[in-house]
Amino acid sequence: MTVDLSSPPEATPHPEAVSSRPRTGAFEPRQLWRSLPDALRKLDPRHQVRYPVMFVVWVGSVATTVLAVLDPGVFSWSIALWLWATVLFANLAEAVAEGRGRAQAASLRRTRTETLARRLTADGTEESVPGTALAVGDLVVVEAGEVIPGDGDVVEGIASVDESPVTGESAPVIRESGGDRSAVTGGTKVLSDRVVVRITAKAGETFLDRMIGLVEGSARQKTPNEIALNLLLASLTLVFLLAVVTLQPFAVYSGQAQPLLVLVALLVCLIPTTIGALLSAIGIAGMDRLVQRNVMALSGRAVEAAGDVDVLLLDKTGTITLGNRQAVEVVPADGLTEEQVAEAAQLSSLADETPEGRSIVVLAKERYAMRNRFATDLPRATFVPFTAETRMSGVDLAQHEGTWEIRKGAASAVMRWVRDNDGHPSADVGPLVDAISASGGTPLVVAELRTGEPARALGVIHLKDVVKPGMRERFDELRQMGIRTVMITGDNPLTARAIAEEAGVDDVLAEATPEDKLALIRTEQAAGRLVAMTGDGTNDAPALAQADVGVAMNTGTSAAKEAGNMVDLDSNPTKLIEIVAIGKQLLITRGALTTFSISNDVAKYFAIIPAMFSGLYPQLDRLNVMGLSSPQSAVLSAVVFNALVIVALVPLALRGVRYRPAGAAAMLRRNLLVYGVGGLVAPFVGIKLIDLLVSLVPGL
Amino acid sequence: MTPALAAVLQIGLLVLALAAVHVPFGDYMARVFSDSRHLRAERVIYRLGGIDAEADQRWPAYARAVLGFSFVSVLLLYAFLRLQDQLPLSLGLPAVGPDGAWNTAVSFVTNTNWQWYSGESVMGHLVQMSGLAVQNFVSAAVGIAVAIALVRGFARHRTDRLGNFWVDLVRGTVRILLPVAFLAAVLLLVGGAVQNFAGPQEVTTLGGATQSIVGGPIASQEAIKDLGTNGGGFFNANSSHPFENPTAWTNLLEIFLLLVIPFSLPRTFGRMVGDRRQGLTILGVMASIWLAAVAVITWAEMRGLGAVPQAAGGAMEGKETRFGEAASALFAASTTGTSTGSVNSFHDSFTALGGGVTLLNMMLGEVAPGGVGAGLYGMLVLAVLTVFLAGLMVGRTPQYLGKRIGRREITLVALYILTMPTLLLVGAAITAGTPALVDASVQDPGAHGLSEILYAYASATNNNGSAFAGFGAGTPYQNVALGLGMLLGRFVPIVLVLALAGSLARQQPVAVGAGTLPTHGPVFAGLLGFVVLVVAGLTFFPALALAPVAEALL
């Protein structure tokens, strides 16, 4: 399976919800045009000096412009203009990347309007203060229709909250005091009821503020690998500066000094402008891809770390399994048919609104073709609801010859009920119950009591944790990528292992406590592995903080959100796998374009060196393998190619290179072939084509 | 037997011998540097030198020890040369002048062995034996020690200790260089090399003229000259002199000696990091580039490319008839590929293509297989660079042998990569750009003259030491400038390598698995080879285009 990261994110937990936040889809050429003013603004040298490679081009543009003014001509002006174009195209790439985030930031900023907070004072009275004046620890009251003035935890009450400004999901969510659903975000709106919120973030440092900073790119700091790559590019630039500067004495010695204009052109062609121009856009676009998937990375380092992850800790419920146990089969006791048991099971579950109960009705209909019945179809039925004491539910049907009582529930409870009514359940269903337990499933016993007869057990419903479809394939892919998956569950080891086997995870941590999780992370890290996990509860916080990539669910507590370095607004734990893919894709894009950029130089040498020196040594024209028409058009063609290739690669930088999960060796071979060999060949073709056009320009 | 067949057999024999020896010899060297015990002789040396052999040094201490030792060596050798006339066995030769003494002292301490003078007419026996030959041993041992320190950087985890320089120096000398050099000297003696303390002897040649012939402790010098990739000849004619290199098989033996340590160290590396495939990959890259150089030079010389060789019926100018074109080409490729610089023929007289490849061989940074120790650490630095470029393409931040290549590591690598080209190009550009310097030193005009300048600076800054004969290096300016080139070209990279080793050793290793970039096998080897060629090619192509390329395309 291919993870296509260019398509919109996969379905969210609330598929019925419609996203209200603007999303940026594929790259459109129009975006270049719209970003032009920003790009022009970035010509400011104070901006350029932050990017050593492009700063050299900027200086070269200024120098060639001066030279063109002093000695005007078609050639000198063409070189000067195309060097400016090179700088401008680099700016455009960055501006387009930032522009994509800005639309999202604007819509977020609209929600961050000034709100008045109702602060509780020590004596229990309320006072009205501006939201910006709130301090950490303040208690505020928010009632239906009011906007929550800042990030915090609900300490009293329960309310439904519209979080669409932040998450893009229009369906309201429940927030209540205590437990793992207590965190509220400033800027979201309470729709019903009244809650008291303890403020946990200062104004200006709220989640919303950070999000705006992130999507705008203003809060973006260069990531460690990006800094290292920048250093390498700067030193490559120095090497080429050296090669070009020392070339002049050699040329003078050989008897033909080179015009400064041509030396500048050579320098600009050699330094890694392609990657230098696109590096910052790649970083911004990588963040943007996360934002589009509703993931907020609170540090750029985390995005890179996601690419490096060796071990994924995945919670069983909701991530690997659908979250609810479902009925998968009905096993009859001796002497009965499946249909008989299924009918009893169906009748007993008609009023059972739990997911398990509903799944029994569905099973009866789909597997045993039972007519769909509703509780209202049976006016003479009395439904017995589930209680914590009886641990079973059922129905009493009044019939001509008496009542027909059906019960279903936990094996021990139902079996006691049967015994209390003179039956012998153990002999009938005992082995069935044990077999289902041993396989990791949950047995529900169905029993009946007809008037005048002893109670008897009819059979067992097999409830099972159902693994989400496609999970095994995903884990196989992860394994190929060298990533190990560990399933975390509170189940007993037997059940855990059965599900782990079915889902295809590599390892399992059963009966896991938060301490076990933390210990597991520490062990993995001590062995040199990077660990990613998701979590939502307060007791997950230490593990989230310890993990290299800790993704907190937005529904979780603020302690969890503080501890993690990413927050998933959709609260979809499966997304961890996508986050890893995005991290890898970011790094691959960077590496691919660096390789491409450096490979390009070979062809540029073959274009420019013969052009510079074939007057001096005519035999050097044999290096002019592209057969470029004249020295001037050769130099200009190389410069034009160098500028245009930036524009051509902007979509790739923004979208990221195609990413297919595979082992490192296979991935290296493929990317080397495409970007290394491609980088060697492409400029030979490109420069030749440009030369064909350029040679038509009069005056060259 | 046709010359072509002879050439192939010769190369084949050499490759077979190296393939057989590198495994046990590489393993032996790994044991030498991992051994916890000291030999009795070594304990004596430690006691005399007041060395605590059990001390484990941090990288700055290791670097200080390397620099301190080398500084004292330069001083001692300088004093030796300046006071030659006061010393015994001087053969009546005068003291060496200040700029010449500086150049020679630096040259031998940096394992370059650039010789601006003719050995037999400037250096007496004592200087040759206890000054120059001692440096031949210890400068080689310094190179090995630094390489071993870098390997320890990869092999050790969560420590700031890289080993003990003094122990590495002494072991490299006592357990590796001395025994092998002794064995080689005996073999050379058997082959006909001279070993005595005779002064100049007047002989009457067949033609009736008189000639002064110097004898001396030549076989012993010769062995370490080649084994330690030093290259400083007893005679000006170096290994083309019959007293140094009498026959075709001593010629092959000398080439074997040049290559044996550089080609065995990758095995040592693989052993010490616990993954022999890693060493094999490095070895594969080194061997491929070396073989390619051998093939191109041999082809160019045997075909006699160029107008003059074609007219003369062969490219035999500057070559010994005893060796012929193929054996000369093999020697040339090996001596420039190993930063040795000893020669059995004169590269200045090679065809433009052949001579150009010897120049390129040095410009690669002496990594294929490179000088003793220096070749391995140079190649490992390039491997780190390769990992950084390619590692990203597998979707991970780069790591090599479980060590992350982060900001600090790549900074050190970038500075390393910058050092040699800066020294080379700036040095050559100053000479080429100053007419007075050109007039003083450059014999040939045009492209060939530029080749001579580039060759001199490539040779000095890469610590090779061979010369393109046409370049008159004995002027005060060139003595000082080339001396600086040798000094900085040796010790700036060494300090950077040790800093890199320190920063690698400190790390906790990252787990290596299916998702990490495999740094062994043909794909990575091909990539590393490509990076080696591209880094040098992109840096030097403009300069080369005006020199050997312009000549070769004529």
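Fair warning: this is a prediction, and the values are worked out from it, not measured in the lab. Letters A, B, ... are given to chains in the order of the sequence lines, protein chains preceding strands, and every chain is numbered from 1.
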Rounded to the nearest 0.5 angstrom, the CG-CZ distance for A/D601 and B/F541 is 12.0 Å
Under 4.5 Å to a heavy atom of chain B? For A/A526 that would be backbone
When the 4.5 angstrom heavy-atom criterion is applied to A/Q248 and chain B, the contacting part is neither
Under 4.5 Å to a heavy atom of chain B? For A/L586 that would be neither
The interface call for A/I227 against chain B, heavy-atom contacts under 4.5 Å, is side chain
Honestly, the part of A/L270 sitting under 4.5 Å from a heavy atom of chain B is neither
If one checks every heavy atom of A/V580 against chain B at 4.5 Å, the contacting part turns out to be neither
Bottom line for A/F240: the part with an atom under 4.5 Å from chain B's heavy atoms is side chain
When the 4.5 angstrom heavy-atom criterion is applied to B/I430 and chain A, the contacting part is neither
Distance col, row A/N600:CG vs A/T595:OG1, nearest 0.5 angstrom, shows 11.0 Å
Q) Are A/D507 and A/R484 close enough for a salt bridge, meaning some N to O gap below 4.0 Å? A) yes
From the list B/G537, B/G446, B/G513, the residue making the most non-hydrogen contacts under 4.5 Å with chain A is B/G446
If one checks every heavy atom of A/V252 against chain B at 4.5 Å, the contacting part turns out to be neither
Electrostatic pair A/R529-A/D308, nearest N-O below 4.0 angstrom:
no
Turns out that what part of A/A527 lies under 4.5 Å from chain B's heavy atoms comes down to backbone
Give a yes or no on whether the ring-centroid distance for B/F388 and B/Y400 is below 6.0 angstrom.
no
Does one side chain, of B/T516 or B/Q399, offer a donor that lies under 3.5 Å from an acceptor on the other? no
Taken to the nearest 0.5 Å, the spacing of B/T539 OG1 from B/L425 CG works out to 7.5 Å
Whatever's closer than 4.5 Å to a heavy atom in chain B on A/I609 counts as side chain
Near-ring test A/Y675/A/F596, centroid separation under 6.0 angstrom | no
So, the part of A/E524 with a heavy atom under 4.5 Å from chain B: the answer is neither
